[in-house]
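Here is the structure we will look at, set down as structure tokens.
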Amino acid sequence: MSAPQTYGASLYDLAKDEGMSREILVDLEGIVSLFNEHPAYVKILDAPQIEREILNEDFLGKVNRYVLNFLKLLSEKHSVHHIGECFKTYEKLYNEDNSIKIVNVTTAKPIGKHLEEKLLQKLEKKTGGKVVLKMHVDKKC
């Protein structure tokens, strides 16, 4: 297991023990999205000379305290750029524990909410569990 996978698994274990696994999942998902939109910010947080207090200014009171401390740890290790991999490990463990199956759906054009809902219902009935659809549009299909 790589270091980012270990970090993600450790955070999940803590979140599960504290009964906060869903809350932390949502916070991490938002942070990964934010960092994907602002890659320069990630470079700043990974820089050795950066003051870690910048994270307090940007995230204190906006994310769970464990998520904030996790970001500080990654920043101290100059590993904020690995947040996506940490999140994937966290999400995988969360989904396994909650019997959630991820289904990637690729279509040539958007299918609309009604058809998406029908597909979701059929898949949940077929699998007998919770399904999360990850919709992708590939015009080459």
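Basis for what follows: all heavy atoms, side chains included, without hydrogens, waters or symmetry-related copies. Quick note: residue numbers are just sequence positions, from 1.
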- Drop me the distance from Leu120's CG to Lys130's NZ, to the nearest 0.5 angstrom. 6.5 Å
- Note on the structure: Between Glu116 and Leu133, the two heavy atoms sitting closest are O-CD1, 3.6 Å
- Query: If you count the non-hydrogen atoms of other residues, nucleotides and ligands that lie under 6.0 Å from CD in Glu37, is the total more than 12?
  - Reply: yes
- Task: Ignoring hydrogens and angles, tell me if any N or O in the side chain of Ser79 forms a donor-acceptor pair with the backbone of Lys77 under 3.5 Å.
- Result: yes
- Note on the structure: Partner of Leu71 under side chain to side chain contact (heavy atoms under 4.5 Å, CB included), picked from Leu55, Asp27, Leu28, is Leu55
- More than 12 foreign heavy atoms under 6.0 Å from NZ of Lys101: is that the case here? yes
- Of all heavy-atom pairs linking Pro4 and Cys86, the shortest is O-SG, 3.4 Å
- Query: Any donor-acceptor pair under 3.5 Å linking the side chain of Thr89 with the backbone of Ala9?
  - Reply: no
- Task: Side-chain contact test, heavy atoms from C-beta onward, threshold under 4.5 Å: evaluate it for Ile102 versus Lys134 and give yes or no.
- Result: yes
- Among the clusters formed by ILVMFWY side chains lying less than 4.5 Å apart, do Val26 and Leu60 turn up in the same one? no
- Query: Hey, any chance Ile50 and Leu68 share a hydrophobic cluster, counting ILVMFWY side chains that come within less than 4.5 Å of each other, even indirectly?
  - Reply: yes
- Message: Are the side chains of Ile31 and Phe59 in contact, using a 4.5 Å heavy-atom criterion?
- Response: yes
- Message: Within the 4.5 Å heavy-atom criterion, are Asp97 and Lys16 side-chain neighbours or not?
- Response: yes
- Task: Measure the spacing between CG of Leu74 and NE2 of His82 and express it to the nearest 0.5 Å.
- Result: 9.0 Å
- Ignoring hydrogens and angles, tell me if any N or O in the side chain of His78 forms a donor-acceptor pair with the backbone of Asp46 under 3.5 Å. yes
- Message: What verdict does the side chain to side chain contact (heavy atoms under 4.5 Å, CB included) test give for Val105 and Val103, after you've listed the backbone C-alpha separation in whole Å, the side-chain angles of each residue and the deciding distance to 0.1 Å?
- Response: CA-CA 6 Å; Val105 179; Val103 176; 4.0 Å; yes
- Do the charged groups of Lys72 and Glu51 touch, with an N to O distance under 4.0 Å? no
- Query: Quick one: CD1 on Ile83 to NZ on Lys88, what's the gap to the nearest 0.5 Å?
  - Reply: 12.5 Å
- Message: When you compare the side chain of Val80 with that of Phe35, does any pair of heavy atoms fall below 4.5 Å?
- Response: yes
- Message: Less than 4.5 Å apart, side chain to side chain, heavy atoms only: is that true for Lys109 and Lys139?
- Response: no
- Message: Whether the side chain of Gln121 engages the backbone of Lys118 through a donor-acceptor N/O pair (distance < 3.5 Å, no angle test) should be reported.
- Response: no
- Message: Please tell me whether Met135 and Val137 are part of a single hydrophobic cluster in this structure, the criterion being side-chain heavy atoms less than 4.5 Å apart.
- Response: no
- Indicate yes or no: does Glu96 engage Lys92 in a salt bridge with an N to O separation below 4.0 Å. yes
- Side chains of Leu25 and Phe87: closer than 4.5 Å at any heavy-atom pair? yes
- Message: For a 4.5 angstrom cut-off between non-hydrogen side-chain atoms, does Val131 reach Ile100?
- Response: no
- Query: Does Val132 share a hydrophobic cluster with Tyr94, counting links as ILVMFWY side-chain heavy atoms below 4.5 Å and allowing steps through other members?
  - Reply: yes
- Message: Please determine whether the number of non-hydrogen atoms from other residues, nucleotides or ligands lying under 6.0 Å from atom NE2 of His114 exceeds 12.
- Response: no
- NE2 (His38) and CG (Leu45) are apart, to the nearest 0.5 Å, by 12.0 Å
- Item | Ser21 vs Tyr90 side-chain heavy atoms within contact, under 4.5 Å | yes
- Query: Can you name the salt bridge (Lys or Arg N to Asp or Glu O under 4.0 Å) partners of Glu29, sequence neighbours left out?
  - Reply: none
- Task: Keeping the roles fixed (side chain from Asp138, backbone from Lys140), state whether a donor-acceptor pair exists under 3.5 Å.
- Result: yes
- Which value, rounded to the nearest 0.5 Å, describes the distance between Met20 atom CE and Tyr66 atom OH? 5.5 Å
